[in-house]
Amino acid sequence: MTPPDRFFCADAARARDDAIAGTAPFGSVWVLIEYRRAWPANGFDGLDLDPETKTLVFAAARASRARILLVRRHGRRRPEGSGRWAVLHHDGFGALRQRWGSWHRDRDLAQIVTALDSPGEPGLAPVVLVCAHGLHDTCCAVRGRPVGRALSTRWPDLVWECSHVGGDRFAANVVVVPDGVYYGNLDPHSAVTVVEDHLADRIRADHLRGYTTLRPPQQAAVAAVLRRFGPAGRHDYAVTATDPADDGWRVRVSGRGPHARLLDVEVRSRHTPARQLTCRGPANSSAVVHDVTSIRGL
């Protein structure tokens, strides 16, 4: 295959104008492990670590429904020295906690097991993750690494490159944890603007994939409300009810403060035609799209 014929999933998704809202994976706990060597295509699962420690960490993460991500600072590939690890929690109601530690030997990672059962420390600055996992998907490196460079230059203490976060075709993807907010279709300029707004607790619908504490139809509903009424803080809108409706869902969204309003949002779910969704995808597959058909004030 010659370079001009090479398939890039993010280019194809933009050409199709793939819907981005409602595509954040559900979850509220993250395990970050700094790993400075090359990342295997399957991330933590592919690391050559002490089998007993690896099994303990994996089992504890699965029990907590935590996602394990490998992280590194942009441009730093020194394998020597201690790495860091973190466990980050979001309780779904705005309580954010983090616990950090360091590791040098494989068995040091067993500290993660205990950390998953402890509340952690509140009030710490959020962590900004940029997916740059090239061995998993080419677009994550091609689009993610320039974004990682731009964000790391601006916020060197907050930003890490990370392994696969999902939604390769929306690269560059940025995840802010433990806030639990996914952004996609970013370039270096838009990424700086998005993160700057996020750190000011001003979330816009542009580039928003969704809140990980919500299910996809709920994510799409909140994104539509933000698009209709303008940017708002991470917890200025809450989903208070979700009921089945014709071909989809009726999502009730309530606001607080200057955004105080009660809204019913109609969301219709549909499947796209089968198509190649990732650069390395072995077969075509369909995606679920959540279209907002109406927003009605109560």
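Count residues from 1 along the sequence.
The pair Arg250-Asp243 does not count as a salt bridge, with every side-chain nitrogen at least 4.0 angstrom from each carboxylate oxygen. The pair Asp206-Arg227 counts as a salt bridge, with a side-chain nitrogen and a carboxylate oxygen less than 4.0 angstrom apart.
Sorted by first and then second residue, the side-chain hydrogen bond (donor to acceptor under 3.5 Å, both in side chains) pairs with a member in residues 57-68 form an empty list; sequence neighbours excluded. Among residues at least two apart or in separate chains, side-chain hydrogen bond (donor to acceptor under 3.5 Å, both in side chains) pairs with a member in residues 148-159 are Arg154-Glu196.
With rounding to the nearest 0.5 angstrom, the CZ atom of Arg99 is 10.5 Å from the CD atom of Gln111. A distance of 6.5 Å separates CG of Asp106 from OG1 of Thr53, quoted to the nearest 0.5 Å. Interatomic distance, OG of Ser269 versus CG of Asp291, reported as 8.0 Å (0.5 Å rounding). Between the NE2 atom of His164 and the CG atom of Asn42 there is a distance of 11.0 Å, given to the nearest 0.5 Å. Remark: Asn185 CG to Asp18 CG distance equals 8.5 Å, nearest 0.5 Å. Once rounded to the nearest 0.5 Å, the distance linking CH2 of Trp160 with CZ of Arg73 reads 4.0 Å.
In this structure, Arg72 satisfies the cation-pi test against Trp39, with its NZ or CZ atom closer than 6.0 Å to the six-membered ring centre and inside 45 degrees of the ring normal.
Looking at Ser254 and Arg261, their side chains never bring a donor and an acceptor atom within 3.5 Å of each other. Remark: the Arg209 side chain and the Asn173 side chain contain an N/O donor-acceptor pair separated by less than 3.5 Å. Judged purely by distance below 3.5 Å, without hydrogens or angles, the side chains of Ser286 and His271 never pair a donor atom with an acceptor atom.
For the side chain to side chain contact (heavy atoms under 4.5 Å, CB included) test with Trp30, the passing option among Thr212, Val71, Val165 is Thr212; the others fail.
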Problem set entry | From CA spacing to verdict: ring-ring contact (aromatic ring centres under 6.0 Å, His included), His235, His90 | CA-CA 12 Å; His235 298 285; His90 187 303; 5.3 Å; yes
For this session: Please step through salt bridge (charged side-chain N to carboxylate O under 4.0 Å, His left out) for the pair Arg143 and Asp137, ending with a clear verdict.
Result: CA-CA 10 Å; Arg143 293 178 178 266; Asp137 190 275; over 6 Å; no
For this session: Please report the C-alpha distance between Arg252 and Asp264 in whole Å, then the side-chain angles of each, then the deciding distance to 0.1 Å, and finally whether the salt bridge (charged side-chain N to carboxylate O under 4.0 Å, His left out) criterion is met.
Result: CA-CA 5 Å; Arg252 181 156 294 177; Asp264 268 352; 2.9 Å; yes
For this session: Give the intermediate values and the outcome of salt bridge (charged side-chain N to carboxylate O under 4.0 Å, His left out) for residues Asp50 and Arg107.
Result: CA-CA 7 Å; Asp50 168 60; Arg107 63 175 176 265; over 6 Å; no
Exercise. Could you walk me through whether His207 and Phe170 pass the ring-ring contact (aromatic ring centres under 6.0 Å, His included) check?
Worked result: CA-CA 9 Å; His207 301 288; Phe170 302 120; over 10 Å; no
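The closest donor-acceptor contact from the side chain of Asp168 to the backbone of Ala171 lies at 3.5 Å or more, if one exists at all. Of the possible polar contacts, none joining the Glu121 side chain to the Gln98 backbone as a donor-acceptor pair under 3.5 Å is found. Looking only at distances, a side-chain donor or acceptor of His136 sits under 3.5 Å from a matching main-chain atom of Ala41. Within the 3.5 Å criterion, the main-chain N or O of Ala287 finds a donor-acceptor partner in the side chain of Thr272. Remark: side-chain polar atoms of Asp108 are paired, donor with acceptor, to backbone N or O of His104 under 3.5 angstrom. Between the Gln276 side chain and the Asn284 main chain, no donor and acceptor come within less than 3.5 Å of each other. At distances below 3.5 Å, not a single donor-acceptor pair connects side-chain atoms of Trp103 with backbone N or O atoms of Ile33. The closest donor-acceptor contact from the side chain of Arg280 to the backbone of Leu135 lies under 3.5 Å. Of the possible donor and acceptor atoms, one in the side chain of Ser163 sits under 3.5 Å from a partner among the backbone N and O of Leu70. Remark: the backbone N or O of Leu47 is paired with a side-chain donor or acceptor of Lys54 at under 3.5 angstrom.
By the 30° and 60° cut-offs, the orientation of the rings of Tyr237 relative to His259 is tilted.
Annotation: Asp48, atom CG; neighbour count of heavy atoms from other residues, nucleotides and ligands within 6.0 Å does not exceed 12. Summarising the local packing, CZ of Arg215 is surrounded by 12 or fewer heavy atoms from other residues, nucleotides or ligands at distances under 6.0 Å.
A search for salt bridge (charged side-chain N to carboxylate O under 4.0 Å, His left out) contacts involving Arg234 returns nothing, not counting sequence neighbours.
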